[in-house]
Amino acid sequence: MRTNLDHLLSRLRNVGILAHVDAGKTTVTERILYLTGTIHKRGEVHDGTTVTDFDSQERDRGITIFAAAVSCDWDGHSINLIDTPGHVDFSDEVERSLRVLDGAVALFDAVAGVEPQSESVWRQADRHGVPRIAFVNKMDRPGADLDAAVDSIRQRLHVTPLVVQLPIGEEAEFSGVIDLIKMRAYVWNDGLVECPVPDALLERAVRRRRLLEETVAELHPIALDEFYARSTLSAETLAVVLRDLSLSGTGVVVLCGSAYRNRGIEPLLDAVIAYLPSPQEVPAVQGLSDGALQERVADPAAPFAALVFKVSSTATGRLTYLRVYSGTIRKGETVVDAGVGRTERISRILRVQADQHVEVHQAVAGDIVAVVGPKSARSGATLCAPAAPLVLEPAAVADPVVSVAVEARRSTDTDRLASALTRLVEEDPSLTVRTDSETGQTLLSGMGELHLEVAAEKVRRTHGLEVVVGRPQVTYRETVGRGVSGLVYRHVKQDGGAGQFAQITLDVEPLDEDFAFRSVVVGGRVPQEYVRAVEAGCRDALAEGPLGGHPVTGVRVTLTDGATHPKDSSELAFRTAGRLGLREALRASAMVLLEPVAEVTATVPEDAMGGVLGDLAARRGRISGSTARQGAMVIVATVPLAELFGYATQLRSRTQGRGTFTTRPTGYVPAPTAR
Ligand SMILES: Nc1nc2c(ncn2[C@@H]2O[C@H](COP(=O)(O)OP(=O)(O)OP(=O)(O)O)[C@@H](O)[C@H]2O)c(=O)[nH]1
Ligand SMILES: [Mg+2]
């Protein structure tokens with residue numbers, strides 16, 4: 001039984017597909033499902049018929065919005081595949097997926113090479129230590145150039161490309177690839193045909209193979225030894241060494257093809273199995289158990305631990321998506337949500353196929369499944385065996401940068417809207433809802449205009465609510481420019497019964513990080529539990545700064561002194577003192593308003609360059625570079641997000657529809673005027 005499970009685990013791949021918007025992730029996924037016999041009819045993104053873009057908005061808009069999981073079998077292996085969205089507004093979906101994946105296929109457009117969002121997701125994958133292979137897609141497009149794409153991988157991603165294929169035919173004539181490891185040709189007409197390398201390409205293929213051998217010999221000692229001894233590398237050695245280099249991230253295997261024309265997908269599947277890790281080959285996960293770091297390996301016999309990476313409400317009920325890291329979970333068992341200490345019952349376990357589900361009886365370490373039963377486990381929660389609690393680190397959640405006011409058209413729908421928004425936030429942690437303390441409006445915040453538009457539309461479609469959405473506004477922050485020291489705050493309340501008393505003295509200073517708190521109180525003048533209460537109170541105060549009620553960031557608070565009352569002091573009194581005291585200290589400090597900025601990469605025809613640059617300058621943009629690429633200019637600028645609303649329409653009209661742009665939030669900078 002044990003060896004059987006081990007065998008299955010070694011034949012499992014949990015893989016994501018990552019790329020810039022429109023590179024072809026959904027199309028590649030669709031072709032994989034078709035080739036593996038999982039579906040029998042190929043769908044197309046533009047027809048709204050793919051498996052993974054099943055949401056009605058995805059179909060209408062022709063883009064992926066939600067990460068979708070599918071499973072398939074190839075060459076005796078099982079592959080769990082997550083098709084992720086490429087639009088920057090949904091990068092939180094990518095982050096949550098990366099948290100639970102063991103490997104990834106990074107897709108690139110053969111004409112554009114590495115685009116800004118491909119670079120961002122590459123860095124995200126770096127942070128998670130997820131091994132990758134690269135697939136240069138759209139080789140059939142006019143202007144497709146594998147060598148140029150490979151150069152951009154080397155230069156922009158700072159990784160050594162290990163090109164294992166040579167394309168046969170260019171652009172519309174692209175018909176197949178030469179496998180440089182096996183030195184065989186693969187040509188797609190109606191189906192796939194394997195044949196000897198055509199004479200006309202033999203010399204180039206030999207040269208490219210040599211280049212590959214030299215590159216890996218430089219990177220791997222086994223390859224170096226064999227290369228010295230025999231001045232060539234066998235296919236077997238290449239296979240072993242390429243796997244090692246991929247798993248360690250020293251190099252990235254590069255393949256090419258055209259998903260749309262069904263070319264290159266079989267070798268891609270082979271490469272997923274050959275070069276990406278099984279759950280047993282990734283480092284053991286670490287979690288906190290009773291405050292101590294604990295490791296869990298992918299062993300079905302170990303205590304159960306799984307991370308929730310997605311929650312979604314469907315016709316089947318509330319689905320909680322899990323990556324099982326250790327142990328086994330069976331239908332009907334009870335688990336504990338370790339972060340909050342709540343027990344949840346697993347009533348059903350489902351293998352997910354986009355919007356279809358197959359019920360299974362159990363899930364083991366390494367699996368990605370959805371479960372029905374948990375009522376409140378959020379994305380990022382750890383579910384585990386009650387006897388062996390463990391908290392795994394959740395994926396980081398990006399800070400929302402854009403907000404809109406939302407309101408139900410009919411006032412009788414106000415409560416329903418509130419519960420619909422609560423659901424929305426539960427499913428997508430990168431959305432937040434709050435009530436503006438001055439206007440009383442409900443504000444929905446997220447990663448960008450499109451993100452909020454999609455969220456509002458989801459409320460309309462799934463809850464049948466008519467909602468009115470205000471104009472998008474950026475979310476500001478406040479930070480400390482110059483702090484104060486020795487601010488004394490005394491919280492005294494005497495209204496019959498038990499009174500409240502707490503006195504604290506605070507120093508406030510600017511800080512590079514978000515927030516830090518320390519106490520330097522001596523002689524036990526403030527007991528430890530009250531110090532903790534002051535810290536909690538200070539955190540409460542950070543929600544609204546003095547300039548305009550915006551969240552406060554970049555502040556260090558030091559508790560320097562305090563006083564208690566023998567009867568009236570309590571944790572509550574000190575927490576209140578912390579909140580009101582820091583609020584007063586911030587009012588007394590010189591505060592700075594911060595606004596979000598984004599890096600804009602605009603690709604425009606040369607004749608429109610002047611107008612576009614002028615417009616960016618008028619939008620307070622700082623141009624950081626421009627380069628020529630195939631008759632177009634690529635302009636990179638840093639622009640305040642507040643100036644970018646409606647930029648898409650502007651750019652289109654300025655360039656007669658020929659200009660495109662992408663943005664990437666890059667942080668907060670001081671805003672020019674107080675608002
Ligand atoms: N010419 C050509 N077009 C392709 C190829 N692969 C995909 N496309 C087209 O490119 C467009 C985008 O493809 P998608 O599969 O939706 O791309 P995606 O990466 O999933 O996009 P997002 O999920 O929105 O980020 C569609 O119109 C596809 O038909 C290809 O190999 N060649
Ligand atoms: Mg897609």
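Whatever order the structure lists them in is the order used to number ligands and atoms, beginning at 1. None of the values given here were measured: they were computed from a predicted structure.
The protein atom (non-hydrogen) at minimum distance from atom 12 (C) of ligand 1 is D22 OD1, 3.3 Å. Looking only at heavy atoms of the protein, atom 24 (O) of ligand 1 is closest to T64 N, 3.2 Å. Closest to atom 5 (C) of ligand 1 among all protein heavy atoms lies Y260 CB, 3.3 Å. Looking from atom 1 (N) of ligand 1 to the surrounding protein, the closest heavy atom is D140 OD2, 2.9 Å. Nearest protein heavy-atom contact of atom 25 (O) of ligand 1 is K25 NZ, 2.8 Å. In terms of protein heavy-atom proximity, atom 6 (N) of ligand 1 is closest to N137 ND2, 3.2 Å. The protein heavy atom nearest to atom 16 (O) of ligand 1 is V45 CG2, 3.1 Å. Ranking the protein heavy atoms by distance from atom 7 (C) of ligand 1 puts T27 OG1, 3.5 Å first.
At a cut-off of 2.8 Å, T27 is not counted among the residues with an N, O or S atom near the Mg ion (ligand 2). Within the 2.8 Å limit, T26 places at least one N, O or S atom next to the Mg ion (ligand 2).
Other residues, nucleotides and ligands contribute more than 12 heavy atoms inside 6.0 Å of the CD atom of E427. In the displayed structure, E393 atom CD is contacted under 6.0 Å by at most 12 heavy atoms of other residues, nucleotides or ligands. Surrounding CD of E173 are at most 12 heavy atoms belonging to other residues, nucleotides or ligands under 6.0 Å away.
Considering backbone and side-chain N/O of M139, none are found under 3.5 Å from N/O of ligand 1. Between A259 and ligand 1, at least one pair of N/O atoms sits closer than 3.5 Å. Between G62 and ligand 1, no pair of N/O atoms sits closer than 3.5 Å. Geometrically, ligand 1 and G24 share a nitrogen or oxygen pair separated by less than 3.5 Å.
Around atom 11 (C) of ligand 1, the closest heavy atom drawn from K138, H46, R261 belongs to K138.
With E266 as the fixed residue, the side chain to side chain donor-acceptor pair (under 3.5 Å) test singles out one of W74, Y186, W188: W188. When the options T27, D83, D355, T64 are evaluated for a side chain to side chain donor-acceptor pair (under 3.5 Å) with T52, the one that passes is D83.
Defined by atom type and a distance below 3.5 Å, a donor-acceptor pair is missing between the side-chain atoms of H20 and E119. Side-chain contact of D428 with H451: a donor-acceptor pair under 3.5 Å is present, judged by distance alone. R154 and T160 form no side-chain donor-acceptor contact under 3.5 Å, judged by distance and modelled atom types alone. Counted by atom type alone, T38 and T36 present one or more donor-acceptor pairs between their side chains at under 3.5 Å.
Within ligand 1, the atoms closer than 4.0 Å to a non-hydrogen atom of S258 are 30 (C), 31 (O), 32 (N), numbered from 1 in the order shown. The distance from ligand 1 to the heavy atoms of T26 drops below 4.0 Å at these ligand atoms: 15 (O), 18 (P), 20 (O), 23 (O). Residue contact check: V21 has heavy atoms under 4.0 Å from atoms 24 (O), 25 (O) of ligand 1. Each of the following atoms of ligand 1 lies closer than 4.0 Å to a heavy atom of I63: 24 (O).
Residue contact check for ligand 1: R141 places a non-hydrogen atom closer than 4.0 Å to it. Taking a 4.0 Å cut-off on heavy atoms, A19 fails to register as neighbouring ligand 1.
For the pair R263 and D140, the salt-bridge criterion is not met [side-chain N within less than 4.0 Å of a carboxylate O]. Salt-bridge check for R460 with E457: passed, with a basic side-chain N closer than 4.0 Å to an acidic carboxylate O.
Judged by the 6.0 Å distance and 45° axis criteria, R96 is not positioned over the aromatic ring of F309.
Remark: aromatic rings of F108 and F135 are distant, center separation not under 6.0 Å.
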